[in-house]
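Right, one structure below, let's go through it.
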Protein chains: 2
Amino acid sequence: MKSADLCPRFETGMELLSKRWNGFIIFRLLEGSQRFSELESSLPISGRLLSERLKELEAAGITTRTVYPDTPVRIEYELTEKGRALRPVITSIREWAEKWVNPEELDSMNQ
Amino acid sequence: MKSADLCPRFETGMELLSKRWNGFIIFRLLEGSQRFSELESSLPISGRLLSERLKELEAAGITTRTVYPDTPVRIEYELTEKGRALRPVITSIREWAEKWVNPEELDSMNQ
DNA sequence: ATATACTTGTTACTTTTCGTAACCTCGTTT
DNA sequence: AAACGAGGTTACGAAAAGTAACAAGTATAT
């Protein structure tokens, strides 16, 4: 950023949320831990990108990946405390959307 | 979205914010109306994309574009009521970031 | 009248990211 | 040993973003 008064931390946070799919993945994980296949089937995201995003989120300390050696293997993704702390952000987006997004502009993703 | 319980309005709102640069443009405009050149110089965004984003935001009812026939022409962008209503979202992102983003992970954009 | 300056963009082109579908691995079941 | 199910990975074409040069409109200077 060129400007001095755009807080560097804000930038990092905003970039995290503006990376495609991250907001939706976090939204899902706020409901509780999810398996790879659950995330994949509940969002219009391909395995390739989901895998990539989950690695990035884990590296950023937002999620954890836990392997359960069941049969077949079960892998659960869940939010860390840092990740769960994003709940107010998701909530504020939803509140804004519920008030200001009108039915006509619901995008193609939903149809 | 494949899932039924991901509110369609939330999706639209999340997509708006997850589109690259939108969050930063809104952040700037929350400080007051800005000219094209002010936005361009205060964010690491090129004229091409800034122009594109401002058109999209205007079409979405988030911003307005006002021409003042000064010399040379002056064009001010500002938030509509719908746009200003995003302040709590930006605030919650900043609050999260101030608590959870540690200095080491400040990204390349800031260096 | 022509040239220059300033702001607000736009065009042409390259690089990065995304989307899709086929494929791989590992442990188990048949 | 062949097939299966979960969790990915690879390869490749399509879309979006980044970069830099240029153009339109208007006013002032020469």
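Every heavy atom of this structure was used, including side-chain atoms; hydrogens, water molecules and symmetry mates were not. Quick note on labels: first sequence line is chain A, next is B, and so on, each numbered from 1.
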Please list each protein N or O that sits under 3.5 Å from an N or O in nucleotides 25-30 of chain C, with the distance.
none

Distance check: side-chain N/O of [X] vs OP1/OP2 of [N], anything under 4.0 Å?
X       : N      : value
A:Arg35 : D:dA6  : no
A:Ser51 : D:dT9  : yes
B:Lys55 : C:dT10 : yes
A:Tyr68 : D:dG7  : no

Problem set entry | Qualifying residues under side chain to side chain donor-acceptor pair (under 3.5 Å), relative to B:Arg84, sequence neighbours excluded | none
Between [atom2] on [N] and [atom1] on [X], what's the gap in Å once rounded to a whole number?
X       : N     : atom1 : atom2 : value
A:Glu40 : D:dG5 : CD    : P     : 15 Å
B:Glu38 : C:dC6 : CD    : P     : 17 Å
B:Gln34 : C:dG9 : CD    : P     : 14 Å

Exercise. Of all residues at least two apart in sequence or in a different chain, which pass the side-chain contact (heavy atoms from CB on, under 4.5 Å) check with B:Glu76?
Worked result: B:Ser33, B:Arg35, B:Tyr68, B:Arg74
Problem set entry | Results of side-chain contact (heavy atoms from CB on, under 4.5 Å) for B:Lys55 - residues two or more places apart only | B:Ser51
For this session: Specify whether A:Phe24 and B:Phe10 have parallel, tilted or perpendicular ring planes, treating 30° as the upper limit for parallel and 60° as the lower limit for perpendicular.
Result: perpendicular
Problem set entry | Footprint string (nucleotides 12-19 of chain C, 5' to 3'): B base within contact, S backbone only, - free, heavy atoms under 4.0 Å | B-----BB
For this session: Go through the structure and list residues passing salt bridge (Lys or Arg N to Asp or Glu O under 4.0 Å) with B:Glu56, not counting sequence neighbours.
Result: B:Arg53
Exercise. Is there side-chain contact between A:Leu86 and A:Leu16, with at least one heavy-atom pair below 4.5 Å?
Worked result: yes
